[in-house]
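Because only heavy atoms are used, hydrogens play no part in the values below, and waters and symmetry mates are left out as well, while side chains stay in.
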Amino acid sequence: MFFRLLAVIGLLFSLTASAFAQQGDAKPFIDALGKADFKQAEVLIGQIAATGDARVVPALEALAAGELYVRKADSLVFLVKPAGDNLTLIDPVTGEAVGEAPKAAVTKIKVNNTLRRVTRAALGGLTLLSPDRGVRLAAADAVLKAPSAENLGLLEAALAKETDAQIRARMEEARAVSLLSSDRSVEDKRGAIDTIKTIGGRDAISILMAASSSVDASLKPDIDAAISHIQSSLALWDAAQNIWYGLSLGSVLLLAAIGLAITFGVMGIINMAHGEMVMIGAYSTFIVQDIIRSHFPGLFDWSLTIALPVAFIVTGFVGLVIERGVIRFLYGRPLETLLATWGISLILQQGVRSIFGPTNREVGSPSWMSGSFSVGYLNFTWNRVWIVCFSLSVFFALLLLLKRSSFGLQMRAVTQNRRMASSMGIRTPWVDAFTFALGSGVAGLAGVALSQIDNVSPNLGQSYIIDSFMVVVFGGVGNLWGTLVGALSLGVLNKFLEPTVGAVLGKILVLVLIILFIQKRPRGLFALKGRAIEA
């Protein structure tokens, strides 16, 4: 008898709930939240959303934020506002004040992450019919990220009225995702699986794997095929992402190595202080930004543009001083130049450490270099995009200088046959001096760019000097095209090796491969030609 009575009470409750939902009265469901546990609250939120009453949006927003209150005396639920020592109680549906109560008379309704997700999905469903396009698109996104069978009716009603192609496509996707957790027919769910397969992405895999345990057995082959298709597509996108990362790394190596390619190729100098030129360029950027922050804050977005010529001039002058003061006495003695420039690099590092300290210095990013964007499943950060563009700009500017200017003609003449160039009246010592200054200035430009993606510290240049030599030797000493191809090739190769063997072992493998390559082609990919070189 007792169990029959319980069954009758349960039936009456369900009929009453159904009646309330059909009448669009959300108040009883909201009040029921005051005594419900988390599982019951999930069901109640679905029933609140099913009423289609947009007036409940503030109550659901307050619930998601943990700011919905229940009165202890009668378990009624309210929104509240401070009123001195008391709280003003507000009806959660009508929004009207219904009295005051002391703070001790009410308590917050507890929520967890699952409940917040369900609440956001319900809010999305309730705003699908908003006249504001942005609100409708955000609502469709919310339902797509937190699918629920309770939202199917609202989604289909919204789809029947939606005319915007983008929002309609997003609603179709949300409907397909919600269908899998509903009691619709197998054919409807099979169509939903095809739609989710078209959406693709890791979220789609998660949705399909979650649905796999609860759907009809006949649908499991379709789900497995859809997951396999999405994984194959993602593998291609991952490969493309690695190529972009590799090109991004290659552009950094190009910037660091291109100045070295000029000095090493024209002068035959093993310049171990080249990394310190990069470091000086980065510190020049820091000084420029520090002055702008202190005196001209409105020009901060132009700080890198101002830093470029400053870094070029400063590092070019330092390079000129080094060449005139030390290098010109050591031509033809590569071992001595290596030791001398290594000593210079230590002096420069210690000098910077004494002036600026050993800690990293902050170099900010202008607004136009901040943020990121996506194309399909490829992610791009603006600072990397601009560095790639800047690297290619520097490369083509140097190529133009070498091919179309009298100074470039003299550089190429000295590179190919120094004695003949001297006998033709070319002042080879000054060509050497200005070539070294040019290579150092380009290294300073590299420092400006690297300040946006690396720590500005006295050791900045040491991170790139070995890689720069590898790029120059692999591409062909003194050949700019070889430097470009070598830098980009090594960057991509590094990024494909890192996920499988790790960063350190990846670099070791790259070094081994370059050594094996040089055994077959000692002059690199693109060897310079000339009588002196051939001899």
Side-chain angles (χ1 to χ4, degrees), residues 18 21-22 42-43 45-52 114 117-130 133-238 240 374-378:
S18 233
Q22 289 169 2
E42 290 181 35
V43 176
I45 290 168
Q47 291 170 332
I48 293 168
T51 65
T114 302
R117 187 171 63 251
V118 172
T119 305
R120 284 194 295 268
L123 283 167
L126 285 167
T127 51
L128 286 168
L129 297 172
S130 169
R133 181 187 183 278
V135 172
R136 295 200 310 278
L137 184 59
D141 281 333
V143 177
L144 180 60
K145 291 175 183 176
S148 170
E150 303 287 347
N151 290 321
L152 266 176
L154 284 169
L155 272 168
E156 289 168 343
L159 270 168
K161 297 180 179 180
E162 187 57 60
T163 56
D164 186 288
Q166 182 186 3
I167 299 176
R168 187 174 180 82
R170 197 66 54 83
M171 287 182 178
E172 289 282 5
E173 293 170 358
R175 177 180 176 275
V177 172
S178 298
L179 259 172
L180 286 183
S181 58
S182 72
D183 56 358
R184 298 290 179 89
S185 68
V186 170
E187 286 305 315
D188 285 343
K189 291 184 178 181
R190 185 169 282 116
I193 292 169
D194 289 337
T195 303
I196 295 170
K197 181 174 75 172
T198 304
I199 298 170
R202 290 176 176 81
D203 289 340
I205 292 177
S206 300
I207 291 165
L208 290 171
M209 292 181 71
S212 179
S213 59
S214 58
V215 297
D216 189 274
S218 62
L219 291 173
K220 289 187 178 178
D222 298 271
I223 289 178
D224 292 340
I227 290 174
S228 177
H229 173 82
I230 295 171
Q231 287 174 336
S232 299
S233 175
L234 285 176
L236 293 175
W237 282 107
D238 287 343
S374 298
V375 177
Y377 293 103
L378 290 179

Side chains of residues 229-238: which donor-acceptor pairs under 3.5 Å do they make with residues two or more places apart or in other chains?
from : atom 1 : to   : atom 2 : distance (Å)
S232 : OG     : S228 : O      : 3.0
D238 : OD1    : R202 : NH2    : 3.1
D238 : OD2    : R202 : NH2    : 3.1

Kindly compute the distance separating [atom1] ([X]) from [atom2] ([Y]), expressed to the nearest 0.5 Å.
X: I196; Y: I205; atom1: CD1; atom2: CD1; result: 12.0 Å
X: E187; Y: S218; atom1: CD; atom2: OG; result: 8.5 Å
X: E42; Y: T114; atom1: CD; atom2: OG1; result: 6.0 Å
X: L219; Y: R190; atom1: CG; atom2: CZ; result: 5.0 Å
X: K197; Y: L208; atom1: NZ; atom2: CG; result: 10.5 Å
X: R175; Y: R184; atom1: CZ; atom2: CZ; result: 6.0 Å

Where do A226 and I193 come nearest, in terms of heavy atoms and distance?
->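 Reported closest heavy-atom pair: CB-CG2, 3.9 Å.
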Nearest heavy atoms of A192 and A176, plus distance in Å =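 Looking at all heavy atoms of both residues, the shortest contact is CB-O, 3.4 Å.
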Sequence-distant partners of D194, side-chain hydrogen bond (donor to acceptor under 3.5 Å, both in side chains), two or more places apart |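 With sequence neighbours excluded, D194 shows a side-chain hydrogen bond (donor to acceptor under 3.5 Å, both in side chains) to no residue whatsoever.
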Assess whether side chain to side chain contact (heavy atoms under 4.5 Å, CB included) is satisfied between R168 and L159, documenting all intermediate values.
-> CA-CA 6 Å; R168 187 174 180 82; L159 270 168; 3.8 Å; yes
